[in-house]
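Just so it is clear: chains get the letters A, B, ... in the order the sequence lines come, proteins before strands, and each one is counted from 1. Since the model is a prediction, treat every value here as computed from it, not as a measurement.
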There are 2 protein chains.
Amino acid sequence: MSVQQNGVVVHERPSITDIMERRAKAGRLVTGIAAVSDSDMFKAPTSGKPKAKNWDSHLSPESQGRPPCILKQASGYLKVPGMISLGGGFPSSEYFPYSEISMRVPTAPAFAETDPTQLVTIGKHDIRDGTSEYDLSVALNYGQATGSPQMTRFITEHTELMFNPPYADWQICQTVGSTSALEQTVRMLCDRARKDSILTEEYTFATALETIAPLGVKAFGVQMDGEGLLPESMDQTLSEWNEDARGARKPHVLYTVPSGQNPTGATQGIQRRRDIYAVCQKHDLYIIEDEPYYYLQMPAYKAQPTAPSSSDPTSVETFIAGLVPAFLSIDVDGRVLRMDSFSKVLVPGSRLGWITASAQIVQRYQRHAEVANQGPSGFSQLMLWKLLDETWGHEGYLRWLMDLRMHYTRRRDALLAVCDEFLPREVVSWTPPSSGMFLWMKVDPAKHPDYPRRSALDIEEEIFHHAIDNGVLCARGSWFRTEPGTPASEIFFRATYASASEEAMGTAIQRLSMAIRKSFQLQ
Amino acid sequence: MSVQQNGVVVHERPSITDIMERRAKAGRLVTGIAAVSDSDMFKAPTSGKPKAKNWDSHLSPESQGRPPCILKQASGYLKVPGMISLGGGFPSSEYFPYSEISMRVPTAPAFAETDPTQLVTIGKHDIRDGTSEYDLSVALNYGQATGSPQMTRFITEHTELMFNPPYADWQICQTVGSTSALEQTVRMLCDRARKDSILTEEYTFATALETIAPLGVKAFGVQMDGEGLLPESMDQTLSEWNEDARGARKPHVLYTVPSGQNPTGATQGIQRRRDIYAVCQKHDLYIIEDEPYYYLQMPAYKAQPTAPSSSDPTSVETFIAGLVPAFLSIDVDGRVLRMDSFSKVLVPGSRLGWITASAQIVQRYQRHAEVANQGPSGFSQLMLWKLLDETWGHEGYLRWLMDLRMHYTRRRDALLAVCDEFLPREVVSWTPPSSGMFLWMKVDPAKHPDYPRRSALDIEEEIFHHAIDNGVLCARGSWFRTEPGTPASEIFFRATYASASEEAMGTAIQRLSMAIRKSFQLQ
């Protein structure tokens with residue numbers, strides 16, 4: 001639905017009720033083995049929205065040269081009633097040695113480990129028997145590289161609910177996790193022979209750098225502040241680009257983690273995102289939006305925690321409205337590929353996520369996925385779908401996310417409290433994160449007795465090893481430097497509040513504090 | 001154990017008993033989250049075997065440039081007792097919404113759908129509780145790209161039991177399926193800028209060709225007979241290689257499907273494999289051995305089926321000894337990367353397989369997997385491990401494979417019987433396959449009334465569409481041509497006996513027969 005607001009057409013987000021009405025109207029989802037699907041089968045009409053731009057100029061020759069998978073295409077004939085297939089080598093489900101799978105899961109919205117759970121059972125032939133829309137006989141056979149229609153429907157609806165992209169021809173495609181999605185996307189957009197390069201935060205996810213470098217693609221860092229990357233710095237870097245001096249073509253791709261950035265914990269506010277998007281439009285950059293921590297947005301940190309603030313949302317609509325908008329939600333050009341993941345909000349072991357992008361880009365992605373992985377595990381798809389769609393539904397899943405971020409808020413607050421108590425403020429400083437899993441601690445090398453005789457990196461290494469000797473592992477800031485070949489003048493450590501118990505975090509920060517004090521010869 | 005036979009050192013395969021004794025001696029496998037492992041932890045001593053050759057000259061610059069994943073490396077520190085990690089962003093398992101998973105599976109060796117099944121249950125904290133060596137808290141968290149130690153142990157032992165590679169430093173690495181393994185392997189060995197090329201069968205797996213082509217790597221076909229690719233033809237092709245004429249460097253890689261080849265169904269005998277290996281040694285080719293159908297080796301087809309022949313093996317040792325040896329089993333140089341898959345023998349939806357190769361190659365593979373997919377789904381690993389290792393054990397799994405191939409034998413025999421009955425012998429011929437899922441039917445274009453006015457491809461297309469109109473889908477032979485740019489003089493169709501019921505196969509072959517008769521204007 002679209003409305004006029006101050007002369008601008010605004011396309012309203014659908015509600016859960018809208019989506020469930022649409023489903024009821026569409027009727028039961030009936031699919032067979034390796035059924036083809038896309039988001040258009042499940043989206044609201046997008047009339048009135050503009051179409052995405054064409055990205056031919058940004059695609060790599062490798063990606064442009066990808067043909068459709070001929071064997072997957074042939075399965076299109078199977079829609080014809082009565083067709084007998086001697087075509088694809090799909091094993092018969094009578095030889096699948098799993099006849100039933102049950103799982104014990106929380107009952108939304110009571111998610112505490114002490115709350116009563118429910119047992120949910122999946123049979124081999126639930127589709128045939130009319131007891132479910134998805135079963136073992138389909139999920140455990142071959143599928144399409146996009147993933148199953150069942151899971152694609154849930155994710156499409158969820159994406160609509162959360163992000164409501166402002167252009168018409170968006171699509172989702174399931175992935176085997178955002179690690180894989182990033183590698184596929186870099187190969188889709190960048191080419192060694194073209195001397196392509198990527199712009200990103202000056203400190204970024206180490207694995208992203210390890211993904212990009214072996215492809216012969218250079219990564220360049222943009223300066224950051226507490227809200228993440230600085231649009232002015234980005235604009236300047238791009239405007240002054242000198243291909244010879246840089247040894248690379250002017251970047252045509254931005255890779256960014258907008259919320260709870262890894263490693264800095266920084267979250268871009270809405271205006272920051274608008275400004276970055278405008279710079280990308282000006283220089284025609286394609287944006288890779290990597291958002292594993294998006295749902296872990298938290299209330300502001302208060303040094304003296306009180307009872308949960310009355311501003312905590314109680315309805316899922318308020319929760320959604322309170323989240324900082326995604327790049328995807330302001331993407332009128334279709335220049336964003338957003339990567340989502342269930343790793344941080346359900347289980348990392350699912351190795352299942354999804355991308356959202358324009359139909360052209362999703363088609364290129366899918367062509368690659370057909371030969372790179374054939375889509376996510378059927379066990380993962382089925383067990384996530386059974387929980388998210390058939391058991392919890394959209395409302396239940398959003399309640400889960402609302403509950404989960406409060407656990408992370410509690411954990412963050414516990415870590416920050418012990419940092420306040422134990423870390424030597426004279427050399428260590430930090431900004432309380434408002435999303436994600438990471439605290440980024442800055443250590444001032446100028447206060448070190450041996451500085452500048454010893455380098456910042458040298459001191460960082462010393463502290464790291466002192467910390468290991470004391471029994472605490474933190475990640476070194478230098479591991480995340482986008483341009484490790486440039487001189488380093490700063491020292492950082494990344495600590496996560498995701499894993500250890502509150503008690504262990506207290507011990508760990510004391511140990512880290514001792515390590516810093518020892519290196520800096522403080523009391 | 002090694003013995004002298006006619007002056008040659010022969011390293012005996014271990015038995016299941018040997019393996020279980022080794023396990024008992026090693027004691028309980030104790031591992032935490034994202035535990036590092038490799039095959040050396042679980043292999044028998046390999047003293048006396050030669051080490052693999054070095055493959056630097058064959059690796060691509062992309063592969064050679066891959067650094068270790070710094071964040072995965074850091075988890076090495078977690079082995080230190082008492083270490084508290086604020087390092088990796090691993091979510092706490094208290095937020096995993098699966099507290100228990102149960103599955104109903106057959107009890108080895110009674111695998112019929114009518115046999116009694118058993119319910120196997122997996123808890124979140126079975127490791128902590130001492131009730132299992134693997135559980136939800138570990139499997140559903142992040143893991144290493146190699147996969148879990150639990151599954152690596154089972155696969156290493158299985159590989160030893162089945163293939164016993166004749167060199168010392170072999171390793172396995174789990175994959176997200178052989179589709180992915182092939183793409184990673186091609187990128188590891190081939191480079192567009194170097195004008196690299198790959199040799200393969202003249203008809204090969206269409207998806208393999210779609211994997212190779214976009215990378216700018218050319219594939220060239222070797223002539224085949226009923227036993228697959230011809231070593232003499234391969235030797236001649238390589239010996240006479242003209243880089244300018246071919247537009248590609250002389251191939252340094254062979255991709256082959258030795259058993260139940262897709263699409264031709266051909267299986268290389270032991271002498272054929274030795275001869276091919278010798279040609280690869282002569283021209284220093286690295287071998288990619290893709291073996292999804294290896295375990296589906298069958299007794300020879302008899303037109304008049306009788307009761308199961310008395311030569312069907314009754315012990316797993318006899319079963320193993322009766323299988324044609326793998327390239328991996330004759331690979332004294334470590335020049336083979338073997339790809340195995342659970343897709344055809346358990347469930348395709350697991351998206352889990354493994355490679356076996358030398359330590360150098362497995363390390364390069366792993367470096368790529370760390371950024372390409374992070375290894376297989378934890379749901380898949382756990383549910384396969386629970387069945388294969390903890391429930392069935394090696395003996396039970398081998399019994400499953402023995403049982404499964406007899407089902408495929410029955411299916412193959414049913415398809416061949418209806419082919420014998422219905423197909424017009426005057427234009428269609430075939431060799432009964434002795435492995436795999438596919439029958440390769442040759443149609444003689446010379447018998448067609450419009451030949452050579454109409455091309456072979458044109459007639460193939462006509463038959464295909466007649467068949468579709470009649471309600472049967474077969475795969476066209478031309479989809480599998482390694483060099484589609486060269487003139488085609490033959491017509492083939494590939495039919496699988498894997499999926500359809502015996503009754504449906506009968507109907508399907510009658511429909512195909514009608515389509516061929518219509519095209520050829522036969523009665």
Side-chain angles (χ1 to χ4, degrees), chain A residues 62 65-67 69-71 77 82-87 89-92 96-106 117 139-142 176 179-180 183 206 210-211 214 347-349 351 371-374 377-380 383 437 468 471-475 479 495-496 498-500 504 508, chain B residues 62 65-67 69-71 77 82-87 89-92 96-106 117 139-142 176 179-180 183 206 210-211 214 347-349 351 371-374 377-380 383 437 468 471-475 479 495-496 498-500 504 508:
Chain A
E62 174 185 310
R66 291 198 173 283
C69 177
I70 202 158
L71 296 177
Y77 291 110
M83 183 72 68
I84 303 174
S85 177
L86 305 181
F90 297 154
S92 164
F96 294 173
Y98 300 88
S99 54
E100 191 183 284
I101 291 177
S102 299
M103 55 200 209
R104 187 163 288 287
V105 295
T117 54
L140 299 189
N141 216 318
Y142 284 104
V176 302
T179 302
S180 162
E183 208 220 17
E210 290 157 2
T211 303
V347 288
R351 301 287 79 224
V371 298
N373 50 58
Q374 293 203 47
S377 154
F379 284 111
S380 296
M383 298 183 82
M437 295 185 159
I468 291 291
V472 58
L473 173 65
C474 287
W479 290 348
T496 180
S499 323
Chain B
E62 174 185 310
R66 292 199 173 280
C69 177
I70 202 157
L71 296 177
Y77 290 110
M83 183 70 69
I84 302 175
S85 176
L86 305 180
F90 296 153
S92 164
F96 294 173
Y98 300 88
S99 53
E100 191 182 284
I101 291 176
S102 299
M103 55 201 210
R104 189 163 287 287
V105 295
T117 55
L140 299 187
N141 216 318
Y142 284 105
V176 302
T179 302
S180 162
E183 207 217 18
E210 290 157 2
T211 302
V347 288
R351 301 286 80 224
V371 298
N373 50 57
Q374 293 202 49
S377 154
F379 285 111
S380 297
M383 299 184 80
M437 295 184 159
I468 292 291
V472 58
L473 173 65
C474 287
W479 291 347
T496 180
S499 323

A:Pro67, A:Ser102, A:Pro91, A:Ser380: which one forms the most heavy-atom pairs within less than 4.5 Å of chain B?
-> A:Ser102
Stepwise side chain to side chain contact (heavy atoms under 4.5 Å, CB included) check, A:Met83 with B:Ile468 = CA-CA 8 Å; A:Met83 183 72 68; B:Ile468 292 291; 3.9 Å; yes
Most heavy-atom pairs under 4.5 angstrom with chain A, which of B:Asn373, B:Thr496, B:Ile84, B:Asn141?
-> B:Ile84
Which atoms form the tightest heavy-atom contact between A:Met103 and B:Tyr98, and what is the distance?
-> SD-CE2, 3.8 Å
Are side-chain heavy atoms of B:Ile101 and A:Met383 found at a separation under 4.5 Å?
-> yes
Relative to chain B, which of A:Val105, A:Thr179, A:Leu86, A:Leu140 shows the most heavy atom pairs under 4.5 Å?
-> A:Leu86
Counting heavy-atom pairs under 4.5 Å with chain A, the top scorer among B:Val472, B:Thr211, B:Leu473 is B:Leu473
side-chain hydrogen bond (donor to acceptor under 3.5 Å, both in side chains) between B:Thr117 and A:Ser99, intermediate numbers included | CA-CA 9 Å; B:Thr117 55; A:Ser99 54; 4.9 Å; no
At a heavy-atom separation under 4.5 Å, does A:Tyr77 approach chain B through its side chain, its backbone, both, or neither?
-> side chain
Select one option (side chain, backbone, both, neither) describing which atoms of B:Met437 are under 4.5 Å from chain A's heavy atoms.
-> side chain
Please state whether the side chain, the backbone, both or neither of B:Ala504 comes within less than 4.5 Å of a heavy atom of chain A.
-> both
Find the one option among B:Ala495, B:Ala508, B:Gly378, B:Ser377 whose heavy-atom pairs under 4.5 Å with chain A are most numerous.
-> B:Ser377
So which of A:Ala206, A:Gly82, A:Pro97 has the largest heavy-atom pair count under 4.5 angstrom toward chain B?
-> A:Pro97
Among A:Ser85, A:Gly65, A:Ala475, residue most engaged with chain B (heavy-atom pairs, under 4.5 Å) = A:Ser85
Using a cut-off of under 4.5 Å on heavy-atom pairs, state which of B:Pro348, B:Cys474, B:Gly471 scores highest against chain A.
-> B:Pro348
Side chain of B:Glu210, backbone of A:Ile70: donor and acceptor closer than 3.5 Å?
-> yes
Highest number of heavy-atom pairs under 4.5 Å with chain A: which of B:Ala500, B:Cys69, B:Gly349, B:Ala139?
-> B:Gly349
Considering non-hydrogen atoms only, spot the tightest contact between A:Arg66 and B:Pro214 and give its length.
-> NH1-CG, 3.5 Å
